[in-house]
Peer 1: 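Below is one structure. I have some questions about it.
Here is the naming used below: chain letters follow the sequence lines, and residue numbers restart at 1 for every chain.
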Protein chains: 2
Amino acid sequence: MSVLIDNIGELVTNDEHEGDGLLGIRRDVAMVLEGDRIAWIGPNAQKPPADTRIDAQHRAVLPGFVDSHAHLVFAGDRAAEFGARMAGEPYTGGGIRTTVAATRAASDDELRRNAKRLVDEARRQGTTTIEIKSGYGLNVADEARSLRLAGELTTETTFLGAHVVPAGSDPDAYVELVRTEMLDACAPYAKWVDVFCERGAFDGDQTRAILEAGAKKGLQLRVHANQLTEGPGVRLAVELGAASADHCTHLSDADISALSGSDTVATLLPGAEFSTRSPWPDARRMIDAGVTVALATDCNPGSSYTSSMPFCLALAVRDMRMTPAEAVHAATAGGARALRRDDIGVLRPGARADLIVLDAPSHLHLAYRPGVPLIQNVLHNGVPQ
Amino acid sequence: MSVLIDNIGELVTNDEHEGDGLLGIRRDVAMVLEGDRIAWIGPNAQKPPADTRIDAQHRAVLPGFVDSHAHLVFAGDRAAEFGARMAGEPYTGGGIRTTVAATRAASDDELRRNAKRLVDEARRQGTTTIEIKSGYGLNVADEARSLRLAGELTTETTFLGAHVVPAGSDPDAYVELVRTEMLDACAPYAKWVDVFCERGAFDGDQTRAILEAGAKKGLQLRVHANQLTEGPGVRLAVELGAASADHCTHLSDADISALSGSDTVATLLPGAEFSTRSPWPDARRMIDAGVTVALATDCNPGSSYTSSMPFCLALAVRDMRMTPAEAVHAATAGGARALRRDDIGVLRPGARADLIVLDAPSHLHLAYRPGVPLIQNVLHNGVPQ
């Protein structure tokens with residue numbers, strides 16, 4: 001089964017060997033998909049026949065968004081907490097425990113329906129790959145359950161037992177539980193292990209202990225680092241070879257320099273700064289220092305309840321001073337790097353047929369037309385959604 | 001033909017005689033529409049029969065958004081200018097002339113199609129009333145044509161010949177043209193007259209001359225005031241009894257005090273501040289002083305190319321420190337006040353059946369879930385869209 005997409009006005013390839021600029025832009029091209037892969041890209045005038053056809057009508061075609069940071073297995077919402085915070089109450093992170101109680105009390109089907117609803121919502125907004133973390137179970141059974149359910153929706157599952165110390169637990173005893181029994185129960189369902197390294201959550205030593213235990217179990221590493229304060233998270237992520245340090249809102253010169261000489265991506269989550277009225281990560285400083293940057297939603301019911309990559313991209317341009325091209329790159333190729341994937345976030349023969357057609361002639365419109373639903377078609381594994 | 005909407009979890013009435021708080025919220029109610037009007041609102045348990053039924057499934061129902069400030073009759077876009085500005089080039093307003101040239105060169109059908117596309121896009125995002133201005137013709141024939149085409153899409157049409165002095169024209173001669181021959185040609189198609197009162201556009205005396213001439217022709221008044229600098233616009237709007245002073249980004253104490261003692265609404269346009277990286281209007285200060293505030297998109301291809309009222313509402317909460325309830329009120333009842341309408345922006349028997357069903361249990365979600373398309377159903381004049 002082959003699909004021809006022709007009359008593509010602007011194709012964002014993210015292929016460094018093709019096209020112009022950071023995004024590898026090609027114009028007036030066509031593309032053929034075979035099964036779940038891209039088979040051919042070339043001038044529109046040379047397009048071959050195929051089984052079915054999508055006429056892009058001179059619109060822009062981009063890789064599907066790669067949302068490398070989302071917390072989707074939970075129950076309930078925290079709209080009232082949000083309303084109170086917007087009326088002036090500071091965000092402390094304590095609200096996570098509200099969601100933990102609701103999540104533990106929910107049935108598998110309730111959790112599954114809620115996560116599926118959010119994945120579908122994200123897909124309609126152009127997200128073709130999404131990472132899903134546990135972290136609202138915080139006991140062996142509910143963390144393992146969360147990851148089992150996440151695995152029904154994505155291959156990018158992350159064990160985040162170390163999200164926060166649950167109410168009433170001794171921190172050191174909880175760390176010990178996470179790195180032994182909980183890890184044993186969760187590892188079969190997880191590709192990644194993550195720790196919220198932050199004052200009030202887990203310190204550098206605790207973070208290292210959990211990440212090293214996860215690595216021994218064959219999990220790859222990512223870290224919630226430097227969200228609320230400067231801390232050891234970013235440097236630890238680099239030292240341990242983590243794929244990504246996420247948030248990066250408060251960075252020292254040493255943090256920037258560690259990231260820029262590494263394979264660790266800085267994953268920026270502007271939805272969290274938006275929804276907590278926090279200062280913005282300094283994306284400009286990171287990019288100018290040579291750090292690889294990704295954008296993700298941080299979709300969760302407490303600090304960033306958005307599933308919209310286009311919204312995050314518009315914030316990154318307006319408030320984090322990324323150019324529109326840098327923001328599009330970070331939301332596609334950057335996310336793929338943060339997940340150590342080379343089959344997504346790029347459009348070239350052999351890559352996965354995950355792509356979006358915009359209702360706009362250029363990728364610029366994603367930032368130029370903020371808030372407007374511009375995702376016209378989404379193809380995931382070559383299949384129109 | 002009657003429509004029953006039942007199982008409404010939260011109804012935002014904006015009716016000061018019903019329900020709780022600023023939004024007049026009622027819970028667990030049903031509503032009956034007869035033709036283009038609301039016929040009945042009452043407890044869900046007492047719902048009467050009707051010809052057709054919409055099950056709100058315990059979701060929130062709100063008045064449709066009233067977007068009282070939009071520039072939709074134009075051709076072309078200015079994505080490249082936007083990209084350059086985001087890379088650090090300041091916004092001067094000079095780019096309007098680019099759109100004027102494209103608009104003059106376009107056929108009626110091109111202008112009609114583009115405006116219709118934007119009205120439809122806005123409607124899908126919950127806007128049931130939209131004001132449309134001229135202002136990209138800047139000669140007698142093209143201003144009149146713009147208003148004639150706007151009138152095909154809305155009753156809220158605004159003559160903005162005084163948007164900017166066209167290239168090559170003498171300012172005083174242009175003001176004279178606007179207030180005589182151009183006004184004569186445009187008044188039959190316009191309900192409102194508006195002037196961009198700003199340094200570099202039209203000064204206080206010029207603004208007064210045009211508004212007074214418009215009023216003599218039976219047009220009602222609105223003013224682009226105090227967007228880029230403190231100036232005479234706001235006080236002039238109040239003095240002349242304008243329905244609205246729009247932008248209000250730079251206000252003196254005297255401006256605030258003039259607005260608070262008047263029937264002139266302050267219409268805030270956060271999409272413009274977002275897309276030009278400008279300082280935010282101080283909504284908190286205005287509301288605390290008793291000023292009536294509206295939110296609108298300012299949808300235009302130069303400084304705010306968004307048609308999304310939910311996006312503007314989320315910015316108003318995050319960046320202009322409005323509470324979620326204040327922002328919802330400003331985007332509905334506030335817009336209605338800015339258009340001097342009492343049949344929209346409110347849900348009570350006798351009001352127009354313009355309303356939206358959210359894919360969410362509460363109006364809070366519009367700010368709590370920024371960027372996410374949450375508009376599930378739109379009814380305009382009682383008709384599902």
Peer 1: Which atoms of P310(B) are under 4.5 Å from chain A, going by heavy atoms: the side chain, the backbone, both sets, or neither?
Peer 2: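 P310(B) has no heavy atom closer than 4.5 Å to chain A.
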Peer 1: If I measure from the heavy atoms of chain B, does A314(A) come under 4.5 Å with its side chain, its backbone, both, or neither?
Peer 2: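 The answer is both parts of A314(A).
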Peer 1: Of all the heavy-atom pairs spanning F82(B) and P324(A), show the shortest one and how long it is.
Peer 2: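 In this case the closest contact between F82(B) and P324(A) is CE2-CG, 4.3 Å.
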Peer 1: Which one of C312(A), P373(A), A122(A), A325(A) has the most heavy-atom pairs closer than 4.5 Å to chain B?
Peer 2: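 Highest number of pairs under 4.5 Å: P373(A).
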Peer 1: Side chain, backbone, both or neither: which part of L118(A) has a heavy atom under 4.5 Å from chain B?
Peer 2: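 The side chain, not the backbone.
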Peer 1: Heavy-atom distances under 4.5 Å only: say whether A360(B) touches chain A with side chain, backbone, both or neither.
Peer 2: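 Looking at A360(B), nothing touches chain A.
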Peer 1: Which pairs, with at least one residue in residues 307-333 of chain A and sequence neighbours excluded, count as a salt bridge (Lys or Arg N to Asp or Glu O under 4.0 Å)?
Peer 2: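 Output for this query lists R284(A)-E326(A).
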Peer 1: How far apart are the closest heavy atoms of Q125(B) and G371(A), and which atoms are they?
Peer 2: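 That would be OE1-O, 3.3 Å.
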Peer 1: Looking only at heavy atoms and a cut-off of under 4.5 Å, which of H365(B), M86(B), M322(B), E121(B) has the most pairs with chain A?
Peer 2: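 The option with the most such pairs is E121(B).
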Peer 1: Counting only non-hydrogen atoms closer than 4.5 Å, does Y305(A) touch chain B with its backbone (N, CA, C, O), its side chain (CB onward), both, or neither?
Peer 2: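 Both the backbone and the side chain of Y305(A) come within 4.5 Å of chain B.
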Peer 1: Give a yes or no answer on whether the side chain of T306(B) reaches the backbone of P370(A) with a donor-acceptor pair at less than 3.5 Å.
Peer 2: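 At least one qualifying donor-acceptor pair exists.
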Peer 1: In Å, rounded to the nearest 0.5 Å, how long is the span from OH of Y368(A) to CD of E81(B)?
Peer 2: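 Going from the OH atom of Y368(A) to the CD atom of E81(B) covers 7.5 Å.
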Peer 1: Write down the atom of V317(A), the atom of R277(B), and the distance for their closest heavy-atom approach.
Peer 2: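 Shortest heavy-atom contact: O-NH2, 2.8 Å.
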Peer 1: Let me know if S307(A) has heavy atoms under 4.5 Å from chain B in its side chain, its backbone, both or neither.
Peer 2: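 Backbone plus side chain of S307(A), per the 4.5 Å heavy-atom cut-off to chain B.
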Peer 1: Within this structure, what is the CZ-CG distance for the pair R369(B) and D77(A), rounded to the nearest 0.5 Å?
Peer 2: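 Reported value, rounded in 0.5 Å steps: 9.0 Å.
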Peer 1: Side chain, backbone, both or neither: which part of P301(B) has a heavy atom under 4.5 Å from chain A?
Peer 2: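 Both parts, backbone and side chain.
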